[in-house]
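Just below is one structure, and these are the notes that go with it.
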Amino acid sequence: MVQQAGADKSLEREFDVVLFGATGFTGKLVAEYLYQTYGTNGTLKWAMAGRSQQKLEAVAAGLADTKVSPVPLIVVDSSDEDAVTQLARRTRVICTTVGPYALYGTPVVAACAANGTHYCDLTGEVQWMYQVIHEYQTSAENSGARIVHTCGFDSIPSDLGVFFVQQQMFARHGVYADQVRFRVAKADGGMSGGTVASLMNMMEEVKADPAIGDVIDDPYALNPRNMPQGPDGPDQVAAMYDTKFQQWTAPFVMAAINTRVVRRSNALLDFRYGQQFRYDEAILTGSGPLGYMKAAAVASGSFLVMLASAISPLRSMLTSVLPAQGEGPSEETIKRGSFVIELLAEHPTDASKNLRGRITADRDPGYGATAKMLGESAVSLAFDPVDVGGGFWTPSTALGEALINRLQASAGMTFDIID
Ligand SMILES: NC(=O)c1ccc[n+]([C@@H]2O[C@H](COP(=O)([O-])OP(=O)(O)OC[C@H]3O[C@@H](n4cnc5c(N)ncnc54)[C@H](OP(=O)(O)O)[C@@H]3O)[C@@H](O)[C@H]2O)c1
């Protein structure tokens with residue numbers, strides 16, 4: 001179905017959106033989503049880019065049964081800075097799945113920041129975001145480029161989820177919650193080789209420079225420098241009983257990314273939710289002894305995987321049994337997958353006014369749903385009127401309600417208050 005994308009055309013360029021990395025596992029899913037949702041003759045002018053013409057043609061052939069690619073194809077290697085600059089000048093938005101971002105992403109961010117090209121990606125590499133935010137913030141402010149990392153399962157449900165429950169709290173009670181708890185009630189899916197490679201590269205970087213480990217461990221790593229921090233400490237690492245949800249909880253591996261993004265959003269909003277705002281994430285595992293056993297098993301499993309990925313010989317063994325780059329969950333796993341997130345927003349003075357939010361998606365979190373979230377983020381950056389200028393934003397501060405509306409209208413996601 002071809003949808004009308006919107007009206008803000010302040011930056012006239014050949015394309016509205018270029019999907020860079022269209023030949024990768026997640027990139028192909030984004031290409032399919034854009035093709036099925038926006039077609040090629042509608043208001044969205046988009047192209048696919050990658051480093052191999054042959055692979056791009058194969059992706060194009062998978063989209064439509066025609067010998068001529070339905071979507072323009074552009075060959076660019078991210079290590080060729082001139083070519084990346086030319087690419088950035090042809091489009092209003094680059095939407096990139098070229099990762100690990102710490103290895104291949106910096107020239108793309110630099111070119112977008114320098115050329116006023118809006119940008120979105122799927123990175124979960126906190127150490128890399130920390131680096132590029134500080135290096136290119138001024139350039140993006142000057143050019144007007146809005147740079148938005150973490151537009152997938154990490155960290156859209158977290159960041160837009162908090163934005164949503166806080167909006168609802170303010171609309172109903174005239175105040176913002178001083179604490180939000182994010183709980184994964186269900187997440188069925190798998191993992192791709194690109195995600196494994198990003199995690200392993202992060203571990204290599206920490207080994208080479210332990211200061212990077214300090215950045216990753218800092219709960220406020222992504223807050224702008226010289227801004228006050230807040231009361232949150234380290235992420236949950238063990239099984240814990242949550243009295244508010246009356247269930248056992250396990251550590252959620254994505255919390256190490258998502259919590260930093262949500263806290264950055266609060267800082268970018270001049271601490272709209274207060275300087276004492278608290279935020280944490282965990283997985284719900286049920287009540288009683290079984291709930292405890294599941295929580296303890298997830299906690300031990302996560303610990304062992306992190307330990308194995310931190311020790312070189314074990315890292316090689318782990319990598320050999322996990323998906324290789326270009327591979328990921330089966331079509332069946334993606335289609336049958338889904339996720340349900342519950343959020344508890346706590347009223348600062350009256351617990352009877354607490355709100356429970358729920359976010360759902362109709363595909364697996366990391367790939368099917370992520371591809372839609374990234375695709376809609378790119379379209380939103382291209383078309384939706386916003387009141388922020390250039391710089392490094394988060395999904396909620398750059399796209400907020402416009403993106404929630406798009407995700408609910410086109411991407412099979414729901415955002416509700418359930419209690
Ligand atoms: N946040 C989330 O929820 C989430 C979800 C999914 C993925 N991710 C992240 O997204 C990234 C991609 O994951 P994936 O599984 O799709 O990886 P993948 O299958 O390995 O795809 C990587 C893509 O990058 C391209 N590429 C690599 N080096 C390049 C270069 N120098 N120039 C141009 N293109 C280059 C590859 O091109 P070739 O095809 O030519 O090799 C491929 O298209 C990873 O960083 C992953 O962690 C995040």
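Just follow the structure's listing: the first ligand is 1, and inside any ligand the first atom is 1.
Distance from atom 32 (N) of ligand 1 to its nearest protein heavy atom, with residue and atom name: S78 N, 2.8 Å. Among protein heavy atoms, the minimum distance from atom 9 (C) of ligand 1 is reached at L122 O, 3.8 Å. Looking only at heavy atoms of the protein, atom 19 (O) of ligand 1 is closest to F25 N, 2.8 Å. Shortest contact from atom 17 (O) of ligand 1 to any protein heavy atom: G194 CA, 3.3 Å.
Annotation: T23 places an N or O atom under 3.5 Å from an N or O atom of ligand 1; distance criterion only. Remark: ligand 1 and R51 share an N or O pair separated by less than 3.5 Å (distance only, no angle test). At a 3.5 angstrom cut-off on N or O pairs, G24 counts as close to ligand 1. Any N or O atom pair closer than 3.5 Å counts here, and G366 shares no such pair with ligand 1.
Close approach of ligand 1 to T26 (heavy-atom distance below 4.0 Å) involves ligand atoms 6 (C), 7 (C), 13 (O), 14 (P), 15 (O), 16 (O). Proximity to G326 (heavy-atom distance under 4.0 Å) selects the following atoms of ligand 1: 18 (P), 19 (O), 20 (O). Those atoms of ligand 1 that come under 4.0 Å of a heavy atom in F153, given as number and element, are 3 (O). If you number the atoms of ligand 1 from 1 as listed, the ones under 4.0 Å from a heavy atom of T370 come out as 3 (O), 5 (C). Each of the following atoms of ligand 1 lies closer than 4.0 Å to a heavy atom of G21: 43 (O). For ligand 1 and F20, the ligand atoms under 4.0 Å from any heavy atom of the residue are 33 (C). Less than 4.0 angstrom separates some heavy atom of Y101 from each of these atoms of ligand 1: 10 (O), 11 (C), 45 (O). Atoms of ligand 1 lying under 4.0 Å from any heavy atom of S192, numbered from 1 in the order shown and given with element: 14 (P), 15 (O).
Between K372 and E376 there is no salt bridge, since none of the side-chain N atoms of the basic residue sits less than 4.0 Å from a carboxylate O of the acidic one. By the 4.0 Å N-to-carboxylate-O rule, D242 lies close enough to R183 to be salt-bridged with it. By the 4.0 Å N-to-carboxylate-O rule, D384 lies close enough to R406 to be salt-bridged with it. Salt bridge annotation for D416-R358: absent, with no cationic side-chain nitrogen under 4.0 angstrom from a carboxylate oxygen. Using a cutoff of 4.0 Å between basic side-chain nitrogens and carboxylate oxygens, E346 and R181 are scored as salt-bridged. A salt bridge links R315 and E204; the closest N-O separation between the charged side-chain nitrogens and carboxylate oxygens is under 4.0 Å.
One finds the OH atom of Y136 at 14.5 Å from the CG atom of N142 (value rounded to the nearest 0.5 Å).
Side-chain polar atoms of W46 and T40 form no donor-acceptor pair below 3.5 angstrom. Side chains of Y130 and R225: a donor on one and an acceptor on the other come within 3.5 Å. Under the 3.5 Å distance criterion, with hydrogens and angles disregarded, no donor-acceptor pair is assigned to the side chains of D178 and Y176.
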Worked check of side chain to side chain donor-acceptor pair (under 3.5 Å) between Y367 and T195: CA-CA 10 Å; Y367 302 93; T195 299; 2.8 Å; yes

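Ligand 1 lies nowhere less than 4.0 angstrom from a heavy atom belonging to G50. Contact between G328 and ligand 1 is absent, with no heavy atom of the residue lying under 4.0 Å from the ligand. Using a 4.0 angstrom heavy-atom cutoff, V76 counts as in contact with ligand 1.
Comparing heavy-atom distances from atom 23 (C) of ligand 1 across V30, T150, T97, N258 singles out T97 as nearest. Summarising the contacts of atom 24 (O) of ligand 1 with V98, D121, T123, the nearest heavy atom is found in V98. For atom 31 (N) of ligand 1, the choice among I156, V84, D154, D77 with the nearest heavy atom turns out to be D77.
At a heavy-atom distance under 4.0 Å, only side-chain atoms of S198, from C-beta outward, approach ligand 1. By the criterion of a heavy-atom distance under 4.0 Å, neither the backbone nor the side chain of E327 is placed next to ligand 1. Contacts with ligand 1 closer than 4.0 Å are made by side-chain heavy atoms of Y104 only, the backbone lying farther away.
Annotation: cation-pi geometry satisfied between R356 and F245 (NZ/CZ under 6.0 angstrom from ring centroid, within 45° of ring axis). Remark: R263 fails to qualify as a cation-pi partner of Y273 under the 6.0 Å distance and 45° angle criteria applied to the six-membered ring.
By the neighbour-count criterion of 12 heavy atoms within 6.0 Å, atom OH of Y292 is sparsely surrounded, having that number or fewer from other residues, nucleotides or ligands. Other residues, nucleotides and ligands contribute only 12 or fewer heavy atoms inside 6.0 Å of the CZ atom of F303.
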